[in-house]
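Here is how names work: the chains are called A, B, and so on, in the same order as the sequence lines, proteins then strands, and each is numbered from 1.
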Amino acid sequence: MKDKNDASPFQMNLAVERDADSNPVYAEPVLGNPVSTLMDSGVGNCFPGLEFDLRQLDVRFFPGLVFEFLGVTPAGPDGNQGARLVYADPAGDPIIADHFTPDGPAWVVDLKKQFAGPEGSALGGGTWYLHFVEQDGKRIMMYDYALYQNAAGLTPYEGETVWWIIRLIEPDKPLTIGLTQRAGDGSPTGVPVVLTGQRRRFLNEEGMIDPVYHPGELTSSMCSPWTHDFRDCACHYWASNHPDVVLGEVDDPQNMLANRTDKDDSAQAVTFIDWMRRRHDPLKDVSAQTTLPKARPDRYDPYEINLHWQQLDFVLQGQEVKETPSTAELLSLTQYETVEHMVEDLSKQLAGMELTLAMEYLYAYFSLRTPDEVTAEQERAWPGLREDLRAARQLILSVALSEMTHLRWVNQTLWLVHKAFPDKGLGPYEPCLDATKTLNLPGGKVADAHCTDAYDFVEPNLDDAVKEAEAHKDDPNEVVRPRMLRRATQGVLAEFVEVERPEGHLDTEYVKLVGLLRMSKDPYPEGLFQLAVRIDSDGMQHYQKFRDVKRFLAPYADQEELYLRPISVGDPTDKRVKPAVDAIKTALAALREAYLIEAELGDMPKANDKIKEARTAMHDLNDIALGLAKDNIGVPFFAAFS
Amino acid sequence: MTLDFTQPEARPSALAHVAGDVLLMAETAAIFGLSQDDAQRMRQALLAGDVSAQEELSRLGLDAPSQAVPPKLNVHPVRALALTVSQTCNLACGYCYAAGGSFGGADTRMHWDVAKQAIDQLITGTVPGGGVKIAFMGGEPMVARDLIRRSVAYANERGAARAVQVGYSLTTNGTLIAPEDAEFFAQHRFAVTVSLDGGREVNDRLRPDKAGNGSFDRVARRIAPLLERGDRIQLGARVTVTPLNLDVPQVVDDIGALGFATVGVAPMISSPTGKGSLAGQDFARLLDAMTACGDAWFDAVSAGREHPFANLATVLGELHRGHPRSHGCGAARDYLAIDSDGEYSACHRFVKDPLGAMGNLETGADDGARADFLNARTVERQTPCQSCWARRLCGGGCHQEVLHAGRPACDFVRGWLDYGLRSYKKMMVTRPDWFNDKA
């Protein structure tokens, strides 16, 4: 027992244990553009010229020289128009300067000599203009040729015309250019300086832009590309990526936990807000709208961004920050130690857990009344009931569907990994379509009454699962319980929230998958990482959805008949119930065949047919289950697995 | 402050350590402030042994977790590579770990193909979006100036193509730096470390050239352009402390006077010639000198001034971060060296040393050898480290020194960390803001 004294020990440095009371956060925030975004989605692909100014490439078309393209001023030609030499800087050009070995291409060696000789020294002083370019025996002079009063006059082309000509020069073949100085009227004077070389290759073999271009140089001639939205140029792209939705800051620094979430407001850590929102207070914490038209009234219009860009926050790891974060550590990733561990966990645990969850959620879904069952009398007393039911049903169903999608993704991950590493002794891929008998829940937060003690809903013949659960009874970190089919009471919903809580058991597993795929040097198939990130990120949505469902059904908790049917699990041998169980079996069998075909890259049309067959069976199940629910019978989902 | 090694307080406990009125938890590296009374009781409890120490800790509401099981280590991609571009040197320092730059073999320089292939392997092994460091080492790396330039150009190009950020550093004796080198280093934001051992007289005795002439004046002249580009070159000096330059405050002042913003010192413990190593009571003298220098640094920083002494700043930063270590450094874990024959080794000090061999270019760095080395060298497996409170701060010391010279300096290390802990408390009181960027 610790003595009471005023000066109890206080920790001074940052060596800390994980804070058990902390809010959930994304292990790896994947915000902003969706993972499906491709390079081709870049604005320049649809609206060439918006990414950077092509003309800026050509100002350095000739190695060692930098030009500018001058147009004709409103006052008329002033003799400066055309391509004016800004400076000659052979030493600063990697083509010339970075070849430390004498074995560079012959034309470069030759060009170096020219720059070191009289040509180079001539260009060192005075103002020079491009006089001609010559390639493949064709020479183009940069002038309009005019005759008047028996005299020939040379009027320089204006900058854009010169640029068109330069655009036509081809790389990788000899190029000769001439430069002259000019008289006041723009006509050439003196002897041209002639240089031979080749046009710069703007991209190297790796597809990278030549390093001679300094950061910002290619956009320097454009109007504020970083702050302006191109919506009014007929597209919604920005010049570069920007976050659509972000997590907000913690208002009161005193309330901030180590993971930058709010101690008292757990919603802060999971509520996405619109990054472009108008910055006046009531809108601050409002969730981002789901569509652009809905979001529009509350966000800055594109034309306003130039006026208000200072108010758009910096975003660090998906969260807005107003000042330099001093102590925030970057979130770190845990990972599976080996591929074998990962395969073992995915096939023995995760796939089955996804299926078990989907079934439990579906049961809860069918336990809710439909909005049209609300009577006029109830409607008068509870005006929001209909809408709340509609929303709750929709949200729970969406999570159940999402778990089914995950089931597929986990299987897909498995078959791709099996295929990618035939030497690891993983054996042939087997579809994982069996529901687990137990579920692991994070300990501590789950009220016992809702899970470990309430085995009333456990199917018969699940003694092993019950035993396993009993064995974990005193484990403070993890609760294990047998799978059960229960109605969507507040207690059950509370448990669903905890099951999906980021940093809970399920989420941690996927974080490990993301970590392995990200950090590994092994050649994992393309797309796997994205799949893992998507599953992992979905967890947060599930958590939010169940939290919302629980919240808006809470007012009816004392009168469950308002929103819940008094269903109980039906007898699988009952002839009304059996078709439901058979539909599940049909769906699973079809999926099994489809996965095996896909894994072998076999007869894809057949695989598609099988997937369709599974989907049809699930639609049938939906109809049957709704009918049974009206008779207060719940589908014994797990009977399909015994 | 003088610390007598025979003083019972210095006796190591495996659980925790009290320095002044701060308590360090050995296993977690957490630091707690105690009241004077609690500190006194804790100190006595630690002296009385683990049982009473445990009792006292739980009275304070603190749990000393048992020693961690040595972790099974995964080998991660290498993040830093030392290119031993030149295995030759124009100086002849008696204590050199590279034995005159050649690591005991013939003078050789790295061939371009070796550097190129090593850079390829480094960058290919890094995930896009990551970063790597390339350290140019020797011998004296500036002997191979052209190779350095070519390597940087190549690494930049390869790095850009894979979206890998490449950073550079160079450790040099400073005698061959030319003005145009400064421009090059600035352009690529090099971290340049110049080896110097003191003022003119001291340095010239320790760091003569092959003809026996001193090198101080030459270095002072040659580094001027580097100092001018201090905006883009991270320039520091590193001192090797031998029995001949134990007056650390003087040494740091003399080198600081040249314009170096940071001067770090390291004791010479393992020298291939046996020449110049510290031994016995040298370490007690060294500790006195280091703490004196630390005090000077502390006074300057408390008063808002700069002071070049880097060691105390490093210790305070590390104590504040409080990350318990399993190894003294990143050798073999994040860092490898490559020599002119294309052989990888655990770090630049293990070049040509079979104890630190880590594969070669042909087959790539040997991840098995890296894992074995790290698993064998982890501090949890070292004796007598398990019984020392400083183990998770020191990480078991320099692998190369330990393998060749054992651990003659543990009392010094503990004395220095004890001083560091006391200074940490003082700093937290006088300049808590100093730690703002140390997380």
Task: Side-chain (D38(B)) to main-chain (P9(A)) donor-acceptor, under 3.5 angstrom - done: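 No.
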
Task: Minimum heavy-atom distance M12(A)-F32(B), with the two atoms named - done: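 Taking M12(A) first and F32(B) second, the nearest heavy atoms are SD-C, 4.1 Å.
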
Open item on the list: Would you say that N13(A) contacts F435(B) through its side chain, given a criterion of any heavy-atom pair below 4.5 Å between the two side chains?
Closed with: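 No, side chains not in contact.
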
Does any backbone or side-chain atom of [X] lie under 4.5 Å from a heavy atom of chain A? Answer side chain, backbone, both or neither.
{"X": "R162(B)", "value": "neither"}
{"X": "Q36(B)", "value": "neither"}
{"X": "I31(B)", "value": "both"}
{"X": "V152(B)", "value": "neither"}

- [ ] Would you indicate whether E340(A), at its atom CD, is surrounded by more than 12 heavy atoms from other residues, nucleotides or ligands within a distance under 6.0 Å?
- [x]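 Enclosed: over 12 neighbouring heavy atoms sit under 6.0 Å from CD of E340(A).
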
Task: Residues that T413(A) engages under side chain to side chain contact (heavy atoms under 4.5 Å, CB included), provided they are two or more places apart - done: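 Side chain to side chain contact (heavy atoms under 4.5 Å, CB included) check on T413(A) returns L346(A), V417(A), L528(A), L531(A).
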
- [ ] State which residues pass ring-ring contact (aromatic ring centres under 6.0 Å, His included) with F185(B); sequence neighbours excluded, sorted by chain then number.
- [x]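 Result, ring-ring contact (aromatic ring centres under 6.0 Å, His included) vs F185(B): F190(B).
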
